[in-house]
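The structure appears right after this line, and notes come after that.
Lettering of chains follows the sequences in order, A, B, ..., and the numbering in each one begins at 1.
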Protein chains: 2
Amino acid sequence: MTSFADRLAERVAARSSQIVLGLDPDPTKLWPSALAAAPAEGDPAERAATAVAAHCTALIDAAGEACVAVKPQLACFERLGALGWAALESVTRHAHEAGLLVIADGKRGDIDVTARAYGQAQFGPVDTPFGELPGLQADAITANPLMGRDTLEPLLAAARAAAGGVFVLVRTSNPGAADIEDVRMSDGAPLWERLAAMVADEGLIGEHGLADVGAVCGATHPEHLERLRDLMPRAPFLLPGVGAQGGRVEDLLPAFAPGPAGGLIAASRSIAAAHEQVGGEPADAARAAAESLRAAAWALV
Amino acid sequence: MTSFADRLAERVAARSSQIVLGLDPDPTKLWPSALAAAPAEGDPAERAATAVAAHCTALIDAAGEACVAVKPQLACFERLGALGWAALESVTRHAHEAGLLVIADGKRGDIDVTARAYGQAQFGPVDTPFGELPGLQADAITANPLMGRDTLEPLLAAARAAAGGVFVLVRTSNPGAADIEDVRMSDGAPLWERLAAMVADEGLIGEHGLADVGAVCGATHPEHLERLRDLMPRAPFLLPGVGAQGGRVEDLLPAFAPGPAGGLIAASRSIAAAHEQVGGEPADAARAAAESLRAAAWALV
């Protein structure tokens with residue numbers, strides 16, 4: 001079985017893309033075509049979940065060709081309840097059919113027995129007396145390391161059994177990241193260096209020189225990227241924060257040191273809401289924005 | 001509208017209980033009555049989700065009277081997919097009907113726009129063009145503070161709008177908590193003191209002297225409890241780790257300093273699997289275990 005690290009490297013090369021299409025559907029900001037896809041009447045949850053799934057499907061159809069993966073934001077589906085989770089499952093299938101990897105963005109983290117349950121939920125299989133269930137069948141997940149190594153390892157075990165990967169929060173893109181992630185430790189280094197060391201320790205290196213444990217590193221603080229790359233020479237970086245949050249592609253060069261798949265650029269609003277900036281049909285604007293981002297990133301490596 | 005802090009204090013007093021019944025259903029370890037409640041054939045996910053809901057319902061019926069709240073572990077429902085989320089919704093309703101508060105244990109944490117979506121998912125309401133959706137209607141949630149204050153505040157805003165509460169991870173019960181939570185900062189204090197300070201800052205004090213922002217503090221390290229109480233004099237503590245993980249009720253006294261609702265003792269396996277230790281019917285053993293734990297804790301305050 002090819003490891004996630006190698007699957008990722010091969011997929012990036014085959015698609016000439018490091019772009020990760022964020023799927024953060026807000027029911028109040030869906031594309032008109034998605035709203036039109038909802039049943040004309042009936043249960044609001046069913047109508048909303050249908051529209052959310054249609055929005056994500058249309059976004060994948062429009063912008064997916066310029067991308068290597070999608071990143072569904074689990075919160076956005078959970079808020080619609082059980083039907084939202086069903087929409088997440090259907091969007092995951094659609095992304096796989098389009099040749100895209102699926103990075104389930106839930107930032108989970110919990111004690112061992114619970115981490116195993118999250119691993120089952122995301123990667124499957126789930127053992128039951130009635131037969132095995134598939135789980136979400138994600139290719140990778142995001143994970144929160146605050147509770148320590150014994151909470152990451154069950155997630156990683158579930159990932160590896162499914163040739164999947166885990167992206168661990170290291171230094172995030174939000175202003176509040178300074179509160180805890182940047183806390184100075186007794187040796188003067190910020191806490192995120194400890195998180196980075198854990199990521200580097202846990203990863204297994206594949207044939208393409210990339211590890212199967214990655215790091216979430218905000219693109220809003222490029223001054224950290226060289227140090228992060230020193231600490232995690234082989235980890236793929238998942239880089240949110242380009243576009244709406246202010247990060248710039250040209251500042252991300254250190255991420256690509258281990259190869260073209262070393263930096264995955266996550267973009268959501270700058271693609272899904274591109275028509276608000278440039279006008280025209282949402283799908284056309286999304287396709288153009290994704291392709292433009294793809295070309296800018298690919299030119300760096 | 002009565003705040004979560006006051007609702008909690010009043011509920012603890014009315015039920016003479018600080019016990020939080022953990023709902024961590026494992027499809028391979030369900031009570032026989034729950035397995036019998038599943039359809040005899042058909043979709044494995046539907047059969048598993050029916051059995052999981054029946055297990056939790058039976059556990060609430062057996063042990064709920066000795067408790068003040070239930071704590072569904074979201075991972076255990078998510079692994080069953082959309083039908084698992086539906087089971088979570090039905091178990092939440094059943095707990096409310098039994099007079100119990102519901103603490104949704106998902107340890108969520110993400111950037112502002114996503115944290116707002118998690119807040120909607122847990123507390124509702126969710127605005128959609130098709131009408132408002134209710135969300136899960138939890139009374140409180142657990143939250144992960146690694147990404148900083150700006151990721152907690154939207155959760156707290158959603159909670160407060162629903163008279164709900166947030167329990168923030170501060171010093172957890174697992175061995176790996178030492179890896180990050182115990183990291184020494186430049187002033188020599190462990191990182192969890194910084195997390196505790198954030199909890200103390202964010203809480204609003206209710207009429208009963210308790211705050212609406214609580215802390216998850218493992219019962220496995222009672223030597224930290226006095227210091228945690230100094231740092232967070234008004235926060236309710238959610239205390240996992242009694243029983244299966246080795247924590248002892250009699251060591252938890254500092255938690256109760258702000259009043260009987262200052263310490264909430266979370267117990268899962270020691271109640272749901274009590275029959276494995278003492279024999280007899282699972283429901284009878286669970287009822288006795290919960291009542292024994294309730295009496296032991298109540299005797300402390």
Side-chain angles (χ1 to χ4, degrees), chain A residues 24 27-28 35 38 44-45 47-48 73 75-76 78-83 85-86 89 107-114 117-118 120-121 126-133 135 144-151 169 172-181 183-186 188 191 194-195 198, chain B residues 24 27-28 35 38 44-45 47-48 73 75-76 78-83 85-86 89 107-114 117-118 120-121 126-133 135 144-151 169 172-181 183-186 188 191 194-195 198:
Chain A
D24 306 42
T28 65
L35 292 176
R47 298 174 75 196
Q73 183 49 266
C76 295
E78 287 175 25
R79 64 178 155 190
L80 307 180
L83 293 169
W85 200 273
E89 292 169 338
K107 302 186 173 65
R108 306 303 201 232
D110 213 312
I111 62 164
D112 55 357
V113 62
T114 307
Y118 278 126
Q120 291 180 320
V126 186
D127 189 25
T128 88
F130 312 104
E132 234 172 53
L133 306 182
N144 186 315
L146 175 65
M147 292 175 66
R149 198 179 287 254
D150 62 3
T151 65
L169 300 180
T172 57
S173 59
N174 57 311
D179 298 338
I180 305 298
E181 297 167 21
V183 159
R184 291 285 152 187
M185 299 186 290
S186 55
L191 182 71
R194 186 66 61 95
L195 303 176
M198 203 188 289
Chain B
D24 306 42
T28 66
L35 292 175
R47 297 174 74 195
Q73 182 50 262
C76 296
E78 287 174 27
R79 65 178 154 189
L80 307 180
L83 293 169
W85 200 274
E89 292 169 337
K107 301 186 174 64
R108 304 306 201 230
D110 214 312
I111 63 165
D112 54 358
V113 61
T114 307
Y118 278 126
Q120 290 181 321
V126 186
D127 189 25
T128 89
F130 313 103
E132 234 172 54
L133 306 182
N144 186 314
L146 175 66
M147 293 175 65
R149 199 178 287 253
D150 63 2
T151 66
L169 299 180
T172 56
S173 59
N174 58 310
D179 298 337
I180 304 299
E181 297 167 22
V183 160
R184 291 286 151 186
M185 299 187 290
S186 55
L191 182 71
R194 186 68 60 94
L195 303 176
M198 202 188 288

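Both the backbone and the side chain of B:Leu146 come within contact range of chain A, judged by heavy atoms closer than 4.5 Å. Proximity to chain B is limited to the side chain of A:Gln73, based on heavy atoms less than 4.5 angstrom apart. When heavy atoms are compared at a cutoff of 4.5 Å, A:Glu89 approaches chain B solely by way of its side chain, counted from C-beta outward. In this structure, the portion of B:Leu191 lying under 4.5 Å from any heavy atom of chain A is its side chain and not its backbone. Within the 4.5 angstrom heavy-atom criterion, only side-chain atoms of A:Thr172, from C-beta onward, approach chain B. Looking at B:Glu78, the atoms closer than 4.5 Å to chain A (heavy atoms on both sides) sit in the backbone and in the side chain alike.
Rounding to the nearest 0.5 Å places CD of B:Gln120 at 8.5 Å from SG of A:Cys76. B:Asn144 CG to A:Ile180 CD1: the interatomic distance, rounded to the nearest 0.5 Å, is 10.0 Å.
B:Val126 approaches A:Arg79 most closely through the heavy-atom pair CG2-O, 3.3 Å.
Residues satisfying the side-chain contact (heavy atoms from CB on, under 4.5 Å) test with A:Arg47, not counting sequence neighbours, are A:Ala38, A:Pro39, B:Phe130.
Side-chain atoms of B:Asp150 come within 3.5 Å of backbone atoms of A:Gly176 as a donor-acceptor pair (strictly under, hydrogens ignored).
Residue with the most contacts toward chain A among B:Leu133, B:Val113, B:Leu195, B:Thr128: B:Leu133 (heavy-atom pairs, distance under 4.5 Å). Interface remark: of the candidates B:Gly188, B:Ser186, B:Ala48, B:Gly135, B:Ser186 forms the most heavy-atom pairs closer than 4.5 Å to chain A. Between chain A and the residues B:Ala86, B:Ala178, B:Gly81, B:Ala45, the most heavy-atom pairs under 4.5 angstrom are made by B:Gly81. Comparing B:Gly148, B:Ser173, B:Ala117, B:Pro145 by how many heavy-atom pairs each has under 4.5 Å with chain A, the most go to B:Ala117.
Considering B:Ile111, B:Thr114, B:Asp110 as possible partners of A:Lys107, the one that fulfils the side-chain contact (heavy atoms from CB on, under 4.5 Å) test is B:Asp110.
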